[in-house]
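Below is one structure, written out as structure tokens, with a few remarks after it.
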Amino acid sequence: MNDQPGRAQKQSGLISMSPVKVFGSAPFTNVARVLLCLEEVGAEYEIVDVDFHAREHKSPDHLARNPFGQVPAFQDGDLMLFESRAICRYILRKHRSTDGANLLREGNLAESAVVDAWLDVEALQYDPAMHAVFVQHRVVTALGGEPDERVIAESVARLRETLDVYEARLTTRGYLAGDEVSLADLSHVPYTRYLLEMPYGPPVFGEFPRVTAWWERLLARPAVRKVVSMMGGGSG
Ligand code: GS8
């Protein structure tokens with residue numbers, strides 16, 4: 001996390017939509033998800049750091065952007081939004097990915113419902129299991145505590161059950177919501193990037209060859225590679 005409050009960094013893309021603002025920094029997984037969508041569509045954006053050490057995320061100014069005092073918050077003109085997946089859908093409804101991928105399957109009622117379903121799986125099954133592992137492995141140790149190995153083992157077991165479903169799903173299609181990449185796949189990128197750096201990640205992924213190949217296909221996308229590198233050391 002950058003410790004310079006309010007310092008804006010300008011990133012250039014292809015589309016000029018009077019640069020939108022993303023409050024929060026790239027190492028936060030939920031911020032990285034939004035940056036990934038902005039990179040996919042080639043939007044121009046500014047990252048405005050929120051200084052957690054100074055509790056800037058709980059300040060009145062930030063609470064006006066995100067009433068839960070969290071990052072990300074997102075501003076496009078008069079529109080202020082929070083919740084990373086809602087922000088992603090907004091960005092992808094406004095612009096198509098630069099390679100033409102229809103990441104929400106807009107225009108197809110059934111296919112877009114399938115994207116929504118797998119996006120919910122990511123948010124409600126993958127993310128909580130990953131979050132618990134991340135907190136124990138990175139946050140508890142950073143605060144000088146001992147990680148709770150029982151919590152880690154339970155979460156890794158839940159993760160394995162989820163990946164088992166993904167492995168079966170990927171038998172007949174290249175991506176979770178069909179043959180083409182969608183937001184449901186991209187939404188997995190931030191935590192998967194951290195998982196694979198933790199000792200638990202590579203052995204678990206190694207059990208699932210189709211999931212591993214899916215991750216490699218995602219990493220082939222320039223936007224994914226860019227955000228994976230912007231995430232740096234990691235804040236969860
Ligand atoms: C979660 C935001 C969140 O947890 C979303 O945007 O998708 N469902 C929301 N943000 C974290 C940092 S990212 O890991 C955060 O701001 N935590 C500080 C806090 O809760 O006080």
Side-chain angles (χ1 to χ4, degrees), residues 1-7 9 20-40 45-76 79-93 103-104 115-143 147 151-152 155 159 162 182-198 201 227-228 230-236:
M1 192 169 44
N2 196 317
D3 56 7
Q4 292 173 278
R7 199 170 68 98
Q9 302 164 295
V20 297
K21 286 185 180 162
V22 179
F23 296 86
S25 48
F28 287 106
T29 51
N30 294 293
V31 175
R33 180 175 295 109
V34 170
L35 298 179
L36 188 46
C37 291
L38 289 167
E39 288 291 338
E40 280 287 349
Y45 60 91
E46 280 176 34
I47 295 176
V48 182
D49 291 330
V50 176
D51 187 350
F52 272 52
H53 297 298
R55 297 196 58 76
E56 206 188 338
H57 57 311
K58 303 298 178 192
S59 68
D61 279 357
H62 191 71
L63 287 168
R65 301 178 194 121
N66 180 330
F68 296 99
Q70 295 183 324
V71 293
F74 174 87
Q75 185 173 14
D76 183 9
L79 175 71
M80 186 65 80
L81 265 183
F82 58 97
E83 283 298 335
S84 59
R85 294 167 188 83
I87 299 167
C88 286
R89 280 189 287 250
Y90 169 78
I91 295 164
L92 299 177
R93 283 189 190 117
L103 296 171
L104 294 177
V115 173
D116 282 345
W118 287 93
L119 197 51
D120 281 356
V121 171
E122 179 275 317
L124 301 171
Q125 307 209 33
Y126 192 81
D127 186 290
M130 279 301 314
H131 184 71
V133 177
F134 187 88
V135 166
Q136 292 302 321
H137 185 74
R138 297 280 279 271
V139 183
V140 171
T141 48
L143 296 174
V151 172
I152 292 180
S155 304
L159 197 58
T162 305
S182 77
L183 177 60
D185 307 294
L186 294 177
S187 200
H188 287 75
V189 166
Y191 258 144
T192 306
R193 182 231 189 263
Y194 287 149
L195 173 73
L196 292 174
E197 280 177 355
M198 292 188 262
V227 173
V228 158
M230 286 169 79
M231 289 173 74
S235 289

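Just so you know, ligand 1 is whichever comes first in the structure, and atom 1 is the first atom listed for that ligand. Just so it is clear, the model here is predicted, and its values are computed rather than measured.
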**Q.** Side chain proximity check, Asp116 to Arg89, heavy atoms < 4.5 angstrom
**A.** yes
**Q.** Heavy-atom nearest neighbour of atom 11 (C) of ligand 1 within options Val71, Val50, Val135, Val31
**A.** Val71
Q.
Given 3.5 Å as the limit, does a donor-acceptor pair link the side chain of Lys21 with the main chain of Glu46, or not?
A. no
Q) Which atoms from ligand 1 have a heavy atom of Thr29 less than 4.0 Å away? A) 14 (O)
Q: Decide whether a cation-pi geometry holds between Arg65 and Phe82; the criteria are a distance under 6.0 Å from NZ or CZ to the six-membered ring centre and an angle within 45° of the ring axis.
A: no
Q: Pick one of side chain, backbone, both or neither for how Phe82 approaches ligand 1, counting any non-hydrogen atom pair under 4.0 Å.
A: neither
Q) Sequence neighbours excluded, which residues qualify as salt bridge (charged side-chain N to carboxylate O under 4.0 Å, His left out) partners of Arg33? A) Glu122, Asp127
Q | For Pro72, atoms of ligand 1 separated by under 4.0 Å from a heavy atom | A | 6 (O)
Q) Any idea which atoms of ligand 1 are less than 4.0 Å away from a heavy-atom of Arg85? A) 7 (O)
Q) Taking all atoms of both residues into account, what is the closest heavy-atom pair of Ala32 and Val227, and its distance? A) O-CG1, 3.6 Å
**Q.** For atom 15 (C) of ligand 1, the option (of Gln70, Arg33, His131) bearing the nearest heavy atom
**A.** Gln70
Q) Considering only heavy atoms of Phe28, which atoms of ligand 1 have at least one such atom less than 4.0 Å away? A) 12 (C), 13 (S)
Q.
Restricting to non-hydrogen atoms, name the atom on Asp76 and the atom on Tyr90 that form the minimum distance, rounded to 0.1 Å.
A. OD2-OH, 2.6 Å
Q: Give yes or no for whether the N/O distance cutoff of 3.5 Å, strictly under, is met between Glu83 and ligand 1.
A: yes
Q) Which atom names give the shortest non-hydrogen contact between Trp118 and His188, and what distance separates them? A) O-CE1, 4.4 Å
**Q.** For Lys58, the ligand 1 atoms whose distance to one of its heavy atoms is below 4.0 Å
**A.** 19 (C), 21 (O)
Q) Counting both backbone and side chain atoms, is some N or O of Phe52 under 3.5 Å from an N or O of ligand 1? A) no
